[in-house]
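All remarks here apply to the structure that follows.
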Amino acid sequence: PTSGLDSFQAQKVVETLQSLAAEGCTVIMAIHQPRSSIFRMFDDLLLLSEGRKIYQGPARHATKHFARLGYPLPSGVSAAEHVVDLVS
């Protein structure tokens with residue numbers, strides 16, 4: 001839902017989707033390389049690479065999951081950037 005939008009408008013779209021989810025609506029979206037502020041709004045993630053599931057679960061646990069696999073979050077790197085780099 002954010003392709004072609006500038007970062008401000010993309011943020012507003014995801015905030016609106018988050019509000020809908022808070023009201024009980026199911027929201028499913030595909031997003032490519034989200035900025036950190038958008039990534040932090042996600043409740044759950046399904047990360048795919050070449051059509052294969054890499055991670056499925058709470059967004060807040062994704063970096064812990066990859067750290068357990070030997071890919072800790074480097075200091076100074078956002079969780080969003082780290083996760084995108086790992087699944088690319």
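The analysis underlying the following values was restricted to heavy atoms, covering all of them including side chains, and did not include hydrogens, waters or symmetry mates. Here, residue 1 is the first one in the sequence, and each next residue gets the next number. These figures come from a predicted structure and were not determined experimentally.
Listed by chain and residue number, Phe42 satisfy the ring pair (Phe, Tyr, Trp, His ring centres under 6.0 Å) test with Phe39 (two or more places apart in sequence, or in another chain). Under the side chain to side chain contact (heavy atoms under 4.5 Å, CB included) criterion, Ser19 pairs with no residue, sequence neighbours left out. Partners of Ser78 under the side-chain hydrogen bond (donor to acceptor under 3.5 Å, both in side chains) rule, at least two apart in sequence or in another chain, are Ser36. Every residue two or more places apart in sequence or in another chain that forms a side chain to side chain contact (heavy atoms under 4.5 Å, CB included) with Gln33 is listed here: Val84. Among residues two or more places apart in sequence or in another chain, the side chain to side chain contact (heavy atoms under 4.5 Å, CB included) test is passed with Gln9 by Leu5, Asp6. Take Leu20 and apply the side chain to side chain contact (heavy atoms under 4.5 Å, CB included) test, not counting sequence neighbours, and it matches Leu17, Glu23, Cys25, Val27. Evaluation of the side-chain hydrogen bond (donor to acceptor under 3.5 Å, both in side chains) rule for Glu81 yields no partner, not counting sequence neighbours. The salt bridge (charged side-chain N to carboxylate O under 4.0 Å, His left out) test applied to Lys64 returns no partner, not counting sequence neighbours. Listed by chain and number, the residues in a ring pair (Phe, Tyr, Trp, His ring centres under 6.0 Å) with His82 amount to none (sequence neighbours excluded). With sequence neighbours excluded, no residue satisfies side-chain hydrogen bond (donor to acceptor under 3.5 Å, both in side chains) with Arg40.
Between His32 and Ser3 the shortest side-chain heavy-atom distance does not fall below 4.5 Å. No side-chain heavy atom of Leu45 sits less than 4.5 Å from a side-chain heavy atom of Gln56. A heavy-atom distance below 4.5 Å is found between the side chains of Lys53 and Leu48.
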Verify side-chain contact (heavy atoms from CB on, under 4.5 Å) between Val83 and Leu47, making sure each step is shown before the conclusion. CA-CA 9 Å; Val83 168; Leu47 300 174; 3.1 Å; yes

Please list, one pair per line, the donor and acceptor atoms closer than 3.5 Å that link side chains of residues 69-77 to other protein atoms, with sequence neighbours excluded.
none

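Taken from CD1 in Ile38 to NZ in Lys12, the straight-line distance is 11.0 Å, to the nearest 0.5 Å.
In the hydrophobic clustering (ILVMFWY side chains linked at under 4.5 Å, chained through shared members), Ile28 stands by itself.
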